[in-house]
Number of protein chains: 2
Amino acid sequence: MLPSSTVENYLKALYQAESSRTGKTLVPMGQLATAVGVAPGTATTMVKALAESGLVDYEPYVGVRLSSAGAKLAALVLRRHRLVEQFLVEVMGMSWAEVHEDAEQLEHVVSDRLVERMDAMLGHPSVDPHGDPIPTADGTIVAPDYGSLLTCPLTVTVTVTRVTDQDASFLRFLEKQDLKPGHALEVEARDSAADSVQLRTASGRQITIGTQAASKVLVQESS
Amino acid sequence: MLPSSTVENYLKALYQAESSRTGKTLVPMGQLATAVGVAPGTATTMVKALAESGLVDYEPYVGVRLSSAGAKLAALVLRRHRLVEQFLVEVMGMSWAEVHEDAEQLEHVVSDRLVERMDAMLGHPSVDPHGDPIPTADGTIVAPDYGSLLTCPLTVTVTVTRVTDQDASFLRFLEKQDLKPGHALEVEARDSAADSVQLRTASGRQITIGTQAASKVLVQESS
DNA sequence: CTTTATATTTTGAGTTGTCAAAACGAAACT
DNA sequence: AGTTTCGTTTTGACAACTCAAAATATAAAG
């Protein structure tokens, strides 16, 4: 039984919800429902079915967690999604800001043959255009945990490695400000009262962004 | 209301059934059901819904026909399918024999943006790898009616223009025998008793194939 | 410790697409 | 015409997925 698109979406959402979660706490129903975009009751029903199939562990009134089988399946969905994104940008010349929606559809239908073909054409990339790691064909993910513009050291040159938000206008903004993955910059100051972070790009331009935005831009100290 | 994959499949099947039909006769239910791969009753139900939406004209106990709206929609599905096939062959280097299944899935999810991008990358091709005409974005199809190896003149050099069968093993056979679209050959003889057609390729090799197969290879007299 | 607020689960119902098998219509063959 | 045959339609049922709203559990607050 190969999983339906719906099942794939639940697993993927669960995977991402688990990743952005401290410790091994279960993902609450409400959050999963919101992530998938369905009513709470719908999520409950679906999760019970997934638990039945052994794809998740479910504790009523507490939350859900992927089983190892579920996690592997989720990783493969993510692999397809991210390879498609990388392909759309690198081969088809689309903007990194607009590939998410297309990948969202394509991830459910691209065959293994096609996925591996894309992977080969792209030279087996390890990350997609947003810096998100691409799982291997066996479902393994290597995800270094980078700091964000909110947590990295000040006045040190860092390189953007990943952006954890797919909103098109946000991505366009980052692009315009030279904050795409690969670009260098340094954090000059943080002002918690003003809820802002002040940056200086490699070209010397100064930018101030909010902390919400800053937390979505992950960086690595430049070597 | 954008049509579901199911609706698209019915319309596409209907379009193709109508094309391979002499005169303006309606397509009988049974044939449509077989083409779509569902039970007869299912087709009846679906066709009534399609008629309700104005996509087909339906005469109970007689058959179905696409309305102009339905025909346009079908053409757009075919456009997506064929551009995807051309893309998979030309850009991704896949074999013409194996792209059909992938295109069958992708045709329902590729966005307009993506379709037009592919179209541009391919230089606005007029036919796909099998020689099937690619409808334009406004739903127009220019389909020259070629003769087949069964109807073309004998001992005259002709060029393969189109193959009206997607069976992978048949396509691989044609490829091996240099009978892909673009290749020249001539029909040396036909033997209706033996149900066969005798060909000679440009390289001088002689091949004998059955009339069923021959009727699926369309040709044009070489200029 | 009881009340209130919040999250979760249940229930009842609807949509889309499907099938098997019974009923039916049209046509073909004595 | 009468009857068999064949294709088509109807019927009843089911699977997957969804929602709104009622019921319930848990947690928080007084």
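So that the names make sense, note that chain A is the first sequence line, chain B the second, and so on, each numbered from 1.
Of the possible donor and acceptor atoms, none in the side chain of Arg162(B) sits under 3.5 Å from a partner among the backbone N and O of Asp145(B). Distance alone, capped at 3.5 Å, places no donor-acceptor pair between the Glu90(B) side chain and the Leu122(B) backbone. Side-chain atoms of Arg117(A) never come within 3.5 Å of backbone atoms of Met94(B) as a donor-acceptor pair (strictly under, hydrogens ignored). The main-chain N or O of Ile207(A) is never found under 3.5 Å from a side-chain atom of Gln177(A) such that the two would form a donor-acceptor pair.
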Only distances under 3.5 Å count here; give the side-chain donor-acceptor pairs of residues 67-84 of chain A to other protein atoms, sequence neighbours excluded, each with its distance to 0.1 Å.
residue, atom, partner, partner atom, Å
Ser67(A), OG, Gly54(A), O, 2.7
Ser67(A), OG, Leu55(A), O, 3.0
Ser67(A), OG, Ala69(A), N, 3.3
Ser67(A), OG, Gly70(A), N, 3.1
Arg79(A), NH1, Pro135(A), O, 2.8
Arg79(A), NH2, Glu116(A), OE1, 2.9
Arg79(A), NH2, Glu116(A), OE2, 3.3
Arg79(A), NH2, Asp119(A), OD2, 3.3
Arg80(A), NE, Glu107(A), O, 2.6
Arg80(A), NH2, Glu8(A), OE1, 3.2
Arg80(A), NH2, Glu8(A), OE2, 2.7
Arg80(A), NH2, Glu107(A), O, 3.3
His81(A), ND1, Glu107(A), OE1, 2.7
His81(A), NE2, Glu85(A), OE2, 2.9
His81(A), NE2, His100(A), ND1, 3.3
Arg82(A), NH1, Pro133(A), O, 2.7

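Asp128(B) contributes atom CG, which lies 9.5 Å from atom CH2 of Trp96(B) (distance to the nearest 0.5 angstrom). If you take CD1 on Ile209(B) and CG on Leu199(B), they are separated by 5.0 Å, rounding to the nearest 0.5 Å. Here the CZ atom belonging to Arg21(B) is positioned 8.5 Å from the CG atom belonging to Leu26(B), to the nearest 0.5 angstrom. Between the CG atom in Leu106(B) and the CZ atom in Phe87(B) there is a gap of 10.0 Å [rounded to 0.5 Å].
Remark: Asp191(A) engages no residue in a side-chain hydrogen bond (donor to acceptor under 3.5 Å, both in side chains) (not counting sequence neighbours).
Note that the two end axes of the helix from dC1(C)-dG30(D) to dT30(C)-dA1(D) enclose an angle of 20°, each drawn from 5 base pairs, rounded to 10 degrees.
Residues Leu11(A) and Tyr15(A) form no side-chain contact, since every pair of their non-hydrogen atoms from C-beta on lies 4.5 Å or further apart.
Along DNA chain C, read 5' to 3', the first and last nucleotides having any atom under 4.0 Å from a heavy atom of chain B are dG17(C) to dG25(C).
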Every protein N/O within reach of nucleotides 15-20 of chain D N/O, cut-off under 3.5 Å:
residue, atom, partner, partner atom, Å
dC17(D), OP1, Ser4(A), OG, 2.6
dT18(D), OP2, Tyr10(A), OH, 3.2
dC19(D), OP2, Ala39(A), N, 2.9
dC19(D), OP2, Thr42(A), OG1, 2.6

Filtered N/O pairs between nucleotides 23-27 of chain D and protein, under 3.5 Å:
residue, atom, partner, partner atom, Å
dA25(D), O4', Tyr61(A), OH, 3.4

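Summarising the local packing, CD of Glu175(B) is surrounded by more than 12 heavy atoms from other residues, nucleotides or ligands at distances under 6.0 Å.
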